[in-house]
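As the structure is a computational prediction, the values presented were derived from the model and not from experiment. Throughout, a chain's letter reflects where its sequence line sits, starting with A, and its residues are numbered from 1.
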Protein chains: 2
Amino acid sequence: MKNSHLEMLMYLLGKCGLFEDIKSSTIKISKDMNYSQQTISRRLREMENLALIKRNSSPNGITIRLDQKGRKLLEDDYAILKKKFENAGNEIEGIIKNGIGEGKYYMSLEGYKKQFKEKLGFSPYPGTLNIISNKEKASFVLSKTKPVEIRGFKTKDRTYGSLICYNAKIKNISGAVIIPERGTHPKEIIEIIAPVYLRSKLHLKEGGKLKVSIC
Amino acid sequence: MKNSHLEMLMYLLGKCGLFEDIKSSTIKISKDMNYSQQTISRRLREMENLALIKRNSSPNGITIRLDQKGRKLLEDDYAILKKKFENAGNEIEGIIKNGIGEGKYYMSLEGYKKQFKEKLGFSPYPGTLNIISNKEKASFVLSKTKPVEIRGFKTKDRTYGSLICYNAKIKNISGAVIIPERGTHPKEIIEIIAPVYLRSKLHLKEGGKLKVSIC
DNA sequence: ATTACTATGTTGCGAGTAT
DNA sequence: TATACTCGCAACATAGTAA
């Protein structure tokens, strides 16, 4: 099976199901999949020969359903995807980094403080813990969770933007990841807040690894 | 993207993960996937251009990891597969059929009766309810559950084979699906047993639909 | 309408090879 | 050893058409 047919199986699965048939036509499918009617016709015949699908064609359409091997193939792929996506889990891992978190500054602003207490359920220690993590993995993990929005505000001097927060556990301490809302996507440096001074409470030092569970 | 690349993405996902890199070579991959080294090289370069993967090649190998779009594509497919496979659920639906269930005969044999009580937790009413169902769907649903085996036995006259049972709920009644162990795979007709006479208890009649939950 | 055949055009595979 | 180029040819997709 050189030209994998997986694409077609996925299409069919989406249209019908694991066991039901789909009543369609090679023309309809060709439009959906962006191949010619002839190609769809031929491929379906090939797939029937390979026992990937069951097929019943007539001058007024075609009825298709998955066959044994087609289902097996999809199931195997599902198993791989499931394993990888589920294991990706809800943890962000990173290396502790000293230095200038922007968050530290925010922590002390009255305009945010009240919202922290209200929406996150705690008053943050005035400072942030910063970790350097895989930006893409962090985006992925965070995207699975509903964010808590801390609204921005204005003073006569300047405007303060919104903050996007995610409830998190650091070891056993409930805290949050905060991301200044500019482009929404987290940067490599992730800032963590908590009701206590994490660094001393958890005996953390620069360069050490830390896992944060988003919840 | 005509020639879908999905196959390669699945391969890479299996080898590395959603965010980690894989250190490999086009030759290794070509052996795994049954394409030539040249084809793998070319395809990886194409996929890099399409932002499906990130790639770093050098005279001593190639480092690959998934990129944004590649992950998205896999995630979308995962969503479809998940929906379909999870919804396939644990129910077998069928049409009630009168007539000669082989099971009815077994129910009254002493060699089985004791085991039913022991292993299924009830003494079956001496008779079976038969439904005609989608054989493949039934196989699939049953395959997800651990069967209970009722051992066969011998009398001086003949040998009685094993029975494969699956705990099941019929409406609110706890019963079981039983399958004589010949080829292991269920036939179109599925036999159901329960501690009570289901047909009268549930007011069932031939031709009606019935759902059985495997548990 | 359809499906699916035949003939033609195009893509993409892989052997050889340069780096 | 690698990767990645060129290029001949096989495999594939599509147009036209028959049933």
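Distance, M8(B) CE to dG12(C) C1': 14 Å, rounded to whole Å. For the pair E46(A) CD and dA4(C) P, the interatomic distance rounds to 13 Å; values are reported in whole Å. Regarding L44(A), its CG atom lies at a distance of 12 Å from the P atom of dA13(D), rounded to whole Å. Between the CZ atom of R43(A) and the C1' atom of dC12(D) there is a distance of 10 Å, given to the nearest Å. In this structure, CZ of R42(A) is placed 12 Å from C1' of dT6(C), rounded to the nearest angstrom. Taking atom CD1 of residue I40(A) and atom P of nucleotide dA13(D), one finds them 9 Å apart after rounding to whole Å. As a whole-Å value, the separation of K23(B) NZ from dT1(D) C1' is 13 Å. In this structure, I29(A) places its CD1 atom 14 Å from C1' of dA4(C), rounding to the nearest Å.
In this structure, the side chains of M47(A) and L9(A) come closer than 4.5 Å at one or more pairs of heavy atoms. Between K171(A) and L210(A) there is a side-chain heavy-atom pair separated by less than 4.5 Å.
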Quick one: which protein N/O atoms are closer than 3.5 Å to N/O atoms of nucleotides 3-8 of chain D? Pair and distance per line, please.
from   : atom 1 : to     : atom 2 : distance (Å)
dT3(D) : OP1    : T26(B) : N      : 2.8
dT3(D) : OP2    : T26(B) : N      : 3.4
dT3(D) : OP2    : T26(B) : OG1    : 2.4
dT3(D) : O3'    : S57(B) : OG     : 3.1
dA4(D) : OP1    : R55(B) : NH1    : 3.2
dA4(D) : OP1    : S57(B) : OG     : 2.5
dA4(D) : OP2    : R55(B) : NH1    : 2.7
dA4(D) : N7     : Q37(B) : NE2    : 2.9
dA4(D) : N6     : Q37(B) : OE1    : 3.1
dC5(D) : OP2    : R45(B) : NH1    : 2.1

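Using a 4.0 Å cut-off between charged nitrogen and carboxylate oxygen, K28(A) and D32(A) do not count as a salt-bridge pair. For E136(A) and K54(B), the salt-bridge test passes: some basic side-chain N is under 4.0 Å from an acidic carboxylate O. A salt bridge links E86(B) with K82(A): the distance from a Lys NZ or Arg NE/NH1/NH2 to an Asp or Glu carboxylate oxygen falls below 4.0 Å.
Taking each heavy atom of G152(B) and S162(B) in turn, the nearest pair found is N-OG, 3.4 Å.
Under the rule for a side chain to side chain donor-acceptor pair (under 3.5 Å), the partners of S174(B) that lie at least two apart in sequence or sit in another chain are K169(B).
For K119(A), the NZ atom is densely surrounded, since the number of other residues' heavy atoms within 6.0 Å is greater than 12.
When each of K28(A) and T39(B) is assigned the nucleotide of DNA chain C bearing its nearest heavy atom, the one mapping closer to the 5' terminus is K28(A).
No donor-acceptor pair under 3.5 Å is formed between the side chain of D67(A) and the backbone N or O of K69(A).
For the helix from dT2(C)-dA19(D) to dT19(C)-dA2(D), the end axes, each set by the C1' atoms of five terminal pairs, are bent relative to each other by 40° (nearest 10°).
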